[in-house]
Amino acid sequence: MKAVAITLLGTLALGACAAPATRISTGLQRYGLDAQRADCVGTRLQGDLSLGQLQQLGRAAAAYKKDDPNPAALTVGDLVRVAGEIKDPAIALAVGKAAAGCNVLP
């Protein structure tokens with residue numbers, strides 16, 4: 001699965017009216033993840049993380065791929081790695097649990 005983190009960044013804008021789970025799911029589907037697994041990831045992340053934590057993850061993911069010539073090639077493994085670099089261990093745990101629990105493994 002490609003572009004997970006960039007999708008999260010784009011879907012977590014404060015001005016959006018939809019719930020974070022819906023925005024995450026929609027973004028993941030745009031990058032080719034099937035609706036069932038995308039909904040699963042969105043629901044799990046929304047349930048396990050605060051809006052602030054979701055925003056931290058989005059910002060960290062954007063910074064991770066900022067200078068990459070192919071930023072759309074961010075994998076689930078990259079997202080887990082990015083989450084692990086954030087000082088809040090709950091974010092890494094939630095991303096790993098969502099990936100494993102929704103069968104979206106690298």
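Computed from heavy atoms alone, side chains included, the values below leave out hydrogens, waters and symmetry copies.
Shown here are the side chain to side chain contact (heavy atoms under 4.5 Å, CB included) partners of A21, two or more places apart in sequence or in another chain: T43, Q46. Under the side chain to side chain contact (heavy atoms under 4.5 Å, CB included) criterion, A35 pairs with Q29, sequence neighbours left out.
C102 and V41 get closest at one heavy-atom pair: SG-N, 3.3 Å. In terms of heavy atoms, R23 sits closest to L51 at NH2-CD1, 4.2 Å. Across all their heavy atoms, R44 and K97 have their closest contact at NH1-O, 4.0 Å. The heavy-atom pair separating L54 from P20 by the smallest distance is CD1-CB, 3.8 Å. Scanning all heavy atoms of the two residues, the minimum distance from G101 to C40 falls at O-SG, 4.2 Å. When all heavy atoms are compared, the tightest approach of L57 to I86 is CA-CD1, 3.8 Å.
For Q56 and D88, the side-chain atoms include no donor-acceptor pair closer than 3.5 Å.
From I91, atom CD1 reaches atom CG of D48 across 11.5 Å, with rounding to the nearest 0.5 Å.
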